[in-house]
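Report on the following structure.
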Amino acid sequence: MIRRRADFLAANRGLRVARPGFVLLAHPNGGQGKRYGITVTKKVGNAVVRNRIKRRFRELLRAALPEHGLPDHDHVLIGRDGGIERDFAKLRDELSDALARAAAGKGDPRRNPRRGRRKGGR
RNA sequence: CCAGGGGGCCGGGCAGCCGCGCGUUUCCGCAAGGGAUGCGAGGAAAGUCCGGGCUCCACGAAGUAAGGGUGGCGGGUAACGCCCGCCGUGGGAAACCAUAGGGAAAGUGCCACAGAGAGCAGACCGCCCCGCUGGUCGGGGCAAGGGUGAAAGGGUGCGGUAAGAGCGCACCGGGAGGCUGGCGACAGUCUCCGCACGGCAAACCCCACCCGGAGCAAGGCCAAAUAGGGACUUCGCGCCCCUUCACCGGGGCAGGAACACUUCGUUCCGAGAAGUCCGGGUUGGCUGCUUGAGCAGGGGAGCAAUCCUCCGCCCAGAUGAAUGGCUGCCCCCGCUUCGGCGGGACAGAACCCGGCUUACAGGCCCCCUGGCAUU
RNA sequence: UGGGGUGUAGCCAAGUGGUAAGGCACCGGUUUUUGGUAUCGGCAUUCGCAGGUUCGAUCCCUGCCACCCCAG
């Protein structure tokens, strides 16, 4: 379990694999074993929705991480809009696929960090 | 049966396997850990709009001022801006609903446009009388009718008059005083006053009542780390020497502690302690932390809100924050080619209570009003 | 947890009891051979939503909604 904000920010610099239900970040943590963290922003929904997404992600990681996880890496799942009504089996397939891609070292291009202050429009 | 009004309640259920948080207990026991067992989100947990408890800070009591709030009366409550009952006003055919509802002859201010006149009134169209006498004339009386406006200085009718007018009278409305009923708001009634003295205080204001500030990231303890700092206040500081006006600073002695005890000896202490603030450091753990204005049931008081009493119960305590995954049966809704398929509202405790407000699929129960039908 | 602010046309906004300025943008006309410029006119604005006070509410009061900011 990742708790510190600094670890989350560090994970943001690692591998990024995007899937319809979530975004997976993987980042080496220097021998601390397989750790995971979950991020769901307020944009996705209210507290009930966010909590439910986090619970489902925990269940996914509990099943997948010991076998398919990357050793000595931090794994961060970021919830996206469809994360609550998406079929659980589909999420599970997407996660193992994403972990395989991350293990092969293939990530999606990183988002451009530090764009200007979002103000007055999206 | 139809239409309408008011109130209360529920918020999917059962089971299996794997997993999560906390408590209790047990096991080899130093610990980690394993086993067993109990409990584990809401009616709004939400918004954070009021009121309290609790903790810290400030403060003689009380009062005044400033600022803010409340505003019919009585009751309930720990308290409230909440709740209950009643009164007044407005709406509705009714059940019932709404209501910030003190003061306008303490003062100040505002009432646009229209209109003759808008605040101790005013005369545009008019009506009536008189005069010269016939005109788009002069003098006077009137405020009933028309017109403007949200509002035009009581209303309707009769009398009266040149025309009119509370000018007079009857009823209604209003004001003042008394009487009766009510704890009271207020209601009823009698007498008097023919009655210009409007509206707005959710305009300033006046009156009555209420309010100290901050918040569990409050507050307390421990560890680590940095630093072994600075300023101020209070209390204290045995004797001698140096320095000094003194404080301060340095040295010695007395005295105290340890070396099991006594003696000797050695070492250490030999003036500081408490509080507040500043500077610097830490963002770890424990506590506060869940038994409380608690919940269920019975009885009693009260129209009710609510209160009293008896008995029983223990019912979340997380901290990147505990409820998830899979499956079966039942329930409800929609679609249906009758095999099935899809869906199940609003929403997640964070110190704890009492309210208010807002969101909400679907469903259940009770009472009342009106209409139709039947008996 | 506590505190503050904003909401008016597509955009930026003034107005604070009497029927909503101004600028940009857009549309139409005139000028020009055409475009630009210039000039004239036009904008169907429930003044964030719902109640209330008032004769009358963007303005006053109450309750909501959305967004933004600040402190710990």
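Just so you know, these numbers use all the heavy atoms, side chains as well, and skip hydrogens, waters and symmetry mates. For clarity, every value in this text was computed on a predicted model and none was experimentally measured. Note on naming: letters A, B, ... go to the chains in the order of the sequence lines (proteins, then strands), and numbering restarts at 1 for each one.
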Taking a pair to mean Watson-Crick or G-U wobble geometry with both distances below 3.5 Å, B:G279 pairs with none
Report, one pair per line, the protein and nucleotides 319-325 of chain B atoms (nitrogen or oxygen only) whose separation is under 3.5 Å.
unit_1 : atom_1 : unit_2  : atom_2 : d
B:G320 : OP1    : A:Arg3  : NE     : 3.4
B:G320 : O2'    : A:Ile2  : O      : 2.7
B:G320 : N7     : A:Arg3  : O      : 2.4
B:G320 : O6     : A:Arg5  : N      : 3.1
B:G320 : N2     : A:Thr39 : OG1    : 3.4
B:A321 : OP2    : A:Arg58 : NH1    : 2.8
B:A322 : OP1    : A:Arg58 : NH2    : 3.1
B:U323 : OP2    : A:Arg55 : NE     : 2.8
B:G324 : OP1    : A:Arg55 : NH1    : 3.3
B:G325 : OP1    : A:Arg52 : NH2    : 3.3
B:G325 : OP1    : A:Arg56 : NE     : 3.1

**Request:** Write down the distance separating the C1' atoms in B:G71 and C:U53, rounded off to the nearest Å.
**Result:** 16 Å
Scanning both residues in full, the closest heavy-atom pair of A:Pro66 with A:Leu61 reads CD-O, 4.0 Å
The side chain to side chain contact (heavy atoms under 4.5 Å, CB included) partners of A:Asn46 (sequence neighbours excluded) come to A:Val48, A:Val49
The Watson-Crick or G-U wobble partner of B:G177, with both key distances under 3.5 Å, is B:C190
Paired to B:C303 by Watson-Crick or G-U wobble criteria (both distances under 3.5 Å) is none
Sequence neighbours excluded, the answer for side chain to side chain contact (heavy atoms under 4.5 Å, CB included) partners of A:Arg62 is A:Glu59
For A:Ala100, the side chain to side chain contact (heavy atoms under 4.5 Å, CB included) test, sequence neighbours excluded, returns none
Partner of B:U323 under the Watson-Crick or G-U wobble criteria, both distances under 3.5 Å, comes out as none
Q) A:His75 side chain to A:Leu24 main-chain N or O, any donor-acceptor pair under 3.5 Å? A) no
Quiz item: If we take the P atom in both B:C50 and B:G182, what is their distance in whole Å?
Solution: 44 Å
Taken in chain and number order and not counting sequence neighbours, the residues that satisfy salt bridge (Lys or Arg N to Asp or Glu O under 4.0 Å) with A:Arg101 are none
Open item on the list: Has A:Lys54 got a side-chain atom pairing as donor or acceptor with A:Thr39's backbone, closer than 3.5 angstrom?
Closed with: no
Whichever of A:Val49 and A:Asp87 has the more 5' nearest nucleotide on RNA chain B, that residue is A:Asp87
Pick out the pairs of N or O atoms, protein on one side and nucleotides 43-46 of chain B on the other, that lie under 3.5 Å.
none

* **Rounded distance in Å between the C1' positions of B:C18 and B:A32** => 24 Å
Answer for the Watson-Crick or wobble partner of C:C49, both distances under 3.5 Å, is C:G63
Base orientation of B:G229, chi within 90° of 0 counted as syn, else anti, reads anti
Expected label for B:U290 (glycosidic angle, syn inside 90° of 0, else anti) would be syn
When both distances are under 3.5 Å in a Watson-Crick or G-U wobble arrangement, the nucleotide paired with B:A203 is B:U108
By the Watson-Crick or G-U definition, both distances under 3.5 Å, B:A150 is matched with none
Considering only atom P, compute the distance from C:A50 to B:U358 and round it to an integer number of Å. 15 Å
Check: With rounding to whole Å, what would you report as the distance between C:G56 and C:C26 at their P atoms?
Finding: 43 Å
As its Watson-Crick or G-U partner within any shown strand, both distances under 3.5 Å, B:G145 has B:C125
Residues passing the side chain to side chain contact (heavy atoms under 4.5 Å, CB included) test with A:Ala104, sequence neighbours excluded, are A:Lys106
Contacts of A:Asp97 meeting salt bridge (Lys or Arg N to Asp or Glu O under 4.0 Å) (sequence neighbours excluded), chain-then-number -> A:Arg19
